[in-house]
Amino acid sequence: MKGILTLGQFIIEKQSDFPYAKGELSRLLRDIGIAAKIVNREVNKAGLMDILGDVGTINIQGESQKKLDVFANEQFIAALKSGGECCIVASEENDEFVYIDGEVSKNAKYIVAMDPLDGSSNIDVNVAVGTIFSIYRRVSTDGKATLEDVLQKGTEQVAAGYIIYGSSTMLVYTTGKGVNGFTLDPSIGEFCLSHPKMKVPDDGVIYSINEGNYVHFPEGVKKYLKYCQVEDEQTSRPYTSRYIGSMVADVHRNMIKGGIFIYPTTSGAPNGKLRLVYECNPMAFIIEQAGGRATDGFNRILDKDVTSLHQRSAIFIGSKNMVLKIEELMQTYSSKTPDEKAEATMEKFGIVGGVD
Ligand code: AHM
Ligand code: MG
């Protein structure tokens, strides 16, 4: 076993980063790691078992739920309940947040927000899916925790992470002191440190967006896509387009190779599709901790006010310089500036010709 550092060992080692902590956060992370292994086992068996198919219920977003979404949701809630370190779980799969009542959790000071199985429409076709989680410290001081405890800005996260159920299963997390990735070794059933101190490259050549929605994109996004497709040796353009349709998988690839993941507002979804609490804030925290950048085109994701549990947001996330570029175009083309200013910006970015 020489040279292997398991997630459990790593969490204990890192506890000294928080000298006043009593180990609750460490135990919470451990509980999430345990649930992730159980969900991983079921995701791996998905093709073999009669577990696929709609469960028949529609979640608050109006989308049908797959059985594995429900299973993952239950597993994470059960693990957090038995661990006793959090008092509320807010899940993308539940209309309301869930109180974790019980003797063990009555003094718990953490809130967990999560998307238990993101990208679940990909399960049927054996493509990577993920879990996203976010941890906050409770702000209310007495009585039961409240909605206010859940609706905290992304900057208040004490930890966030994701699990990618891919060709390997990985758990990647941050507690605000960098990002570390662990790969599940199925032979010993442990997440082992495989990607220490993850850093997203400042520049990249991969852009990731559902381009089928092009006609519905804001002008700034259309201009950026044209920018990506222009030939320019110095900046290695045209860039490469990659879109898995699982945010965790798309962002994870960009974390390693560099790149940008874009889910903008569209004319049909004026607030964007992805959820601020369950998807955008945790991924933004992780990417920033890895040296990247995450905005909605105008504001840093982590600074956005959170007003409702299932709030949506546009997101531009990944390599710092790629995100800065699209922000500049968004800001230019959203501010209703005259065409001359738009043309000047096109010229500045070396884009020839306009966008229809
Ligand atoms: P989900 O939480 O219902 O699975 O939806 C989120 C997923 C993301 O993982 C992915 O990036 C996006 O939806 C794909 O959406 P689209 O099919 O519109 O491109
Ligand atoms: Mg999701």
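Atoms within each ligand, like the ligands themselves, are counted from 1 in listed order.
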(request) State the atoms of ligand 1, each with its element, that fall below the 4.0 Å cut-off from a heavy-atom position in Glu279. (result) 2 (O), 6 (C)
(request) Indicate yes or no: at least one non-hydrogen side-chain atom of Ile262 is less than 4.5 angstrom from one of Ile317. (result) no
(request) Check Glu279 and report its N/O/S atom nearest to the Mg ion (ligand 2), by atom name. (result) OE2
(request) Could you list which atoms of ligand 1 come closer than 4.0 Å to a heavy atom of Asn210? (result) 16 (P), 18 (O), 19 (O)
(message) Leu274 versus ligand 1: do any nitrogen or oxygen atoms come within less than 3.5 Å of each other?
(response) no
(message) Run Glu85 and Lys109 through salt bridge (charged side-chain N to carboxylate O under 4.0 Å, His left out) and show every step you take.
(response) CA-CA 7 Å; Glu85 300 300 350; Lys109 60 180 184 209; over 6 Å; no
(message) Heavy atom to atom 9 (O) of ligand 1, shortest distance: which of Val251, Ile123, Asp115, Asp118 holds it?
(response) Asp118
(request) Kindly indicate whether the side chain of Lys37, heavy atoms from C-beta on, has any atom under 4.5 Å from the side chain of Leu184. (result) yes
(request) Using non-hydrogen atoms of the residue, decide whether Asp250 is closer than 4.0 angstrom to ligand 1. (result) no
(request) Give the numbers and elements of all ligand 1 atoms closer than 4.0 Å to a heavy atom of Met247. (result) 8 (C), 9 (O), 10 (C), 11 (O)
(message) Nearest N/O/S atom of Asp118 with respect to the Mg ion (ligand 2), by atom name, please.
(response) OD1
(message) Are any of the N/O atoms on Tyr243, whether in the backbone or the side chain, positioned under 3.5 angstrom from an N/O atom of ligand 1?
(response) yes
(request) Have a look at Asp115 and say which of its N, O or S atoms is nearest the Mg ion (ligand 2). (result) OD2
(request) Check whether any side-chain heavy atom of Leu29 lies under 4.5 Å from a side-chain heavy atom of Thr175, and answer yes or no. (result) yes
(message) Among the N, O or S atoms of Glu92, which one sits nearest to the Mg ion (ligand 2)?
(response) OE1
(message) Ring centres under 6.0 Å, that's the criterion: do Phe10 and Phe182 meet it?
(response) yes
(request) State the atoms of ligand 1, each with its element, that fall below the 4.0 Å cut-off from a heavy-atom position in Ser120. (result) 4 (O)
(message) Can you confirm whether Val215 sits close enough to Thr266 that some side-chain heavy atom of one is under 4.5 Å from a side-chain heavy atom of the other?
(response) no
(request) Report yes if Leu117 has an N/O atom closer than 3.5 Å to an N/O atom of ligand 1; otherwise report no. (result) no
(message) Side chains of Asn281 and Leu302, heavy atoms from C-beta outward: is any pair under 4.5 Å?
(response) yes
(request) Please determine if Asp296 and Lys304 form a salt bridge, counting it only when a charged side-chain N lies under 4.0 Å from a carboxylate O. (result) yes
(message) Can you tell me if Tyr278 contacts ligand 1 (heavy atom of the residue under 4.0 Å from the ligand)?
(response) no
(request) Answer with yes or no whether the side chains of Thr307 and Gln311 bring together a donor and an acceptor at under 3.5 Å. (result) yes
(message) Using the ring centroid of each side chain, check whether His310 and Tyr278 are separated by less than 6.0 Å.
(response) yes
(request) For Phe261, take its heavy atoms, then give the atoms of ligand 1 lying under 4.0 Å from any of them. (result) 11 (O)
